[in-house]
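As the structure lists them, so they are numbered: ligands from 1, and atoms in each ligand from 1.
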Amino acid sequence: MPVTRTQVGIVGAGPAGLMLGHLLHLRGIDSVIVENRSREHVIDRVRAGVLEQGTVDLMTAAGVAQRLHREGMRHGGIGIAFGGNRHRIALAELTAGRAITIYGQNEVVKDLIDARLETGRPVYFEVDRVGVHDLTTAQPKLRFHHGGDAHEVTCDVVAGCDGFHGICRTAIPATHLRVYERDYPFGWLGVLASAPPTSDELVYSLHDRGFALFSMRSPSITRLYLQCAPDENAEDWSDDRIWAELTARLSTSDGWAPAVGPILQKGVTGMRSFVAEPMRYGRLFLAGDAAHIVPPTGAKGLNLAMADVYRLAEAIAEHSTSVREDALDAYSDRGLRRTWRAQRFSWWMTSMLHRSESDNAFDRRRQLAELDYLVGSRAAMTSLAENYVGVPFD
Ligand SMILES: Cc1cc2nc3c(=O)[nH]c(=O)nc-3n(C[C@H](O)[C@H](O)[C@H](O)COP(=O)(O)OP(=O)(O)OC[C@H]3O[C@@H](n4cnc5c(N)ncnc54)[C@H](O)[C@@H]3O)c2cc1C
């Protein structure tokens with residue numbers, strides 16, 4: 001079995017693992033990335049699309065934002081629709097110019113894979129039997145099989161960037177981990193459609209029939225979501241049924257409605273809030289969805305992953321030059337503070353904009369009163385805006 005050495009062993013080539021590898025490379029720190037899916041699968045996975053200002057700034061500073069600046073769509077506001085009316089929240093005006101950028105997570109991943117390959121540093125796709133070992137020693141190990149061969153990599157640090165279903169979090173003894181979670185009684189049916197966006201900005205809508213979100217990926221592709229049951233089968237939704245429901249939930253009294261077109265992709269996602277504390281066990285550090293999950297309403301998951309690896313790269317760099325543990329020790333507490341702020345915001349957006357079967361008439365009127373207050377108060381809109389565009393990475 002080939003035994004090699006690296007400074008940082010990274011499990012997972014999603015946004016967190018790839019960005020961490022790149023930030024470490026920029027500081028001259030060596031890493032090995034292992035990913036159990038194929039390169040094509042990782043690139044084709046359609047997921048997030050809203051980048052916070054901090055994510056755009058980080059990608060720009062890291063030299064991986066050329067295409068993002070060319071093809072990404074910078075938005076200075078979002079729409080909130082309820083009671084048949086659409087209201088605008090002027091994100092940039094309320095936050096001294098901070099904004100969001102629409103750029104698919106799959107495009108981010110593609111750019112980061114290209115950047116990784118250019119560095120010549122190792123990234124192994126389609127690995128299996130990945131395991132992390134000796135985590136409480138100064139030389140943790142990453143073991144995996146690739147192309148039928150067993151590999152062992154001795155590291156200074158292992159980064160668990162392997163998402164919610166990965167193996168890193170579960171390698172931590174239960175006695176060292178505290179888990180907080182909440183499941184929601186609904187999911188999202190996500191649709192990618194070949195139809196030009198009819199709004200320049202996202203529209204979040206609460207309708208008597210439930211939540212809907214209008215978003216886009218390019219001048220000819222829209223991305224739309226419908227609240228549905230968490231165990232809904234996407235195949236039960238014909239194109240006609242999807243468009244009838246989207247049109248009913250999104251159309252507003254000013255005559256606005258989404259354009260209808262062929263549906264290219266559809267799928268159902270459950271909604272969950274989840275935090276594992278601390279984000280560290282010995283020399284294993286969790287980042288991104290491996291440590292926390294938010295319901296997608298607040299568009300925070302990918303951005304939290306980016307904020308985590310920014311902090312982790314800084315901490316590893318400081319440790320590698322000074323051998324001091326302070327920065328590594330502070331990683332989890334600093335990350336959890338940002339995580340819990342994002343949890344609160346994502347829960348609040350989700351509760352405000354979804355219908356739950358357990359809600360009674362009082363809950364529905366309260367929800368509408370909350371939306372009415374939101375769009376009528378500069379203070380309330382500023383609170384939403386600063387959370388939505390995201391506070392600067394610390
Ligand atoms: C429908 C949907 C919409 C979303 N919208 C938004 C949005 O608008 N904005 C936002 O910020 N977030 C959004 N998110 C959340 C966002 O996609 C995630 O938070 C983000 O992917 C987290 O990145 P990550 O790198 O931590 O994890 P992942 O992207 O899950 O990457 C983990 C990687 O590890 C790999 N892996 C798993 N197990 C192993 C193993 N044993 N060995 C090796 N590799 C392994 C996986 O294959 C994967 O490539 C959305 C999510 C969904 C599902």
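- If you number the atoms of ligand 1 from 1 as listed, the ones under 4.0 Å from a heavy atom of I167 come out as 41 (N).
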Check against side chain to side chain donor-acceptor pair (under 3.5 Å), W340 and H292:
CA-CA 9 Å; W340 277 109; H292 39 66; over 6 Å; no

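- Ion pairing of E107 with R217 is absent here, as no side-chain N (NZ or NE/NH1/NH2) approaches a carboxylate O to less than 4.0 Å.
- Across V203 and A81, no two heavy atoms sit closer than the pair CG1-CB, 4.1 Å.
- Less than 4.0 angstrom separates some heavy atom of G288 from each of these atoms of ligand 1: 26 (O).
- Only the backbone of C161 comes within contact range of ligand 1, with a heavy atom under 4.0 Å; no side-chain atom does.
- If you number the atoms of ligand 1 from 1 as listed, the ones under 4.0 Å from a heavy atom of V11 come out as 42 (N), 43 (C).
- A salt bridge is absent between D289 and R169: the closest approach of a Lys/Arg side-chain nitrogen to an acidic carboxylate oxygen does not fall below 4.0 angstrom.
- Of the listed options A342, G14, P15, P15 places a heavy atom closest to atom 23 (O) of ligand 1.
- The distance criterion of under 3.5 Å between nitrogen or oxygen atoms is met by A299 with respect to ligand 1.
- Contact annotation: G49 has at least one heavy atom less than 4.0 Å from an atom of ligand 1.
- Less than 4.0 angstrom separates some heavy atom of G166 from each of these atoms of ligand 1: 38 (N).
- Seen from the ring of W237, R241 counts as a face-on cation partner, given the 6.0 Å and 45° thresholds.
- Within ligand 1, counting atoms from 1 as listed, the ones closer than 4.0 Å to a heavy atom of G163 are 27 (O), 30 (O), 32 (C).
- Some N or O of A16 is nearer than 3.5 Å to an N or O of ligand 1, by distance alone.
- With ring centers used as reference points, H87 lies under 6.0 Å from F82.
- With atom 46 (C) of ligand 1 as the reference point, the heavy atom nearest to it among Q105, E35, H165 is part of E35.
- Nearest to atom 37 (C) of ligand 1 among the protein's heavy atoms is D162 O, 3.2 Å.
- Each of the atoms 1 (C), 53 (C) of ligand 1 lies under 4.0 Å from some heavy atom of T269.
- The residues E52 and K300 are annotated as salt-bridged, a charged nitrogen and a carboxylate oxygen being separated by less than 4.0 angstrom.
- Here the shortest heavy-atom distance to atom 2 (C) of ligand 1, taken over K300, M19, R47, R37, belongs to R47.
- Here the protein heavy atom with the shortest distance to atom 42 (N) of ligand 1 is V130 CG2, 3.5 Å.
- Using modelled atom types, one finds a donor on one side chain and an acceptor on the other under 3.5 Å when comparing R121 with H25.
- For R311 and F285, the positive end is not near the middle of the six-membered ring at less than 6.0 Å and at most 45° from its axis.
- In this structure, R45 has a heavy atom closer than 4.0 Å to ligand 1.
- When each atom of ligand 1 is checked for a heavy atom of V34 under 4.0 Å away, the hits are 43 (C), 44 (N).
- Annotation: L302 places an N or O atom under 3.5 Å from an N or O atom of ligand 1; distance criterion only.
- Salt bridge status for R178 with E277: absent, with no side-chain N to carboxylate O gap under 4.0 Å.
- Between N36 and ligand 1, a contact under 3.5 Å exists for at least one N or O pair.
- For the pair P296 and ligand 1, the shortest N or O to N or O distance does not fall below 3.5 Å.
- Close contacts of ligand 1 with V50, meaning ligand atoms under 4.0 Å from a residue heavy atom, involve 8 (O), 9 (N).
- Protein heavy atom in closest approach to atom 19 (O) of ligand 1: D289 OD1, 2.7 Å.
- For atom 6 (C) of ligand 1, the closest non-hydrogen atom on the protein side is A48 CB, 3.0 Å.
- One finds a salt bridge joining R283 and E325 here, because a Lys/Arg side-chain nitrogen approaches an Asp/Glu carboxylate oxygen to under 4.0 Å.
- Of the N and O atoms on the side chains of Y310 and D57, not one donor lies less than 3.5 Å from an acceptor on the other residue.
- Considering all non-hydrogen atoms of both residues, P258 and L224 come closest at CB-CD2, 4.2 Å.
- Put simply, the side chain of R116 reaches to within 4.5 Å of the side chain of I33, judged on heavy atoms.
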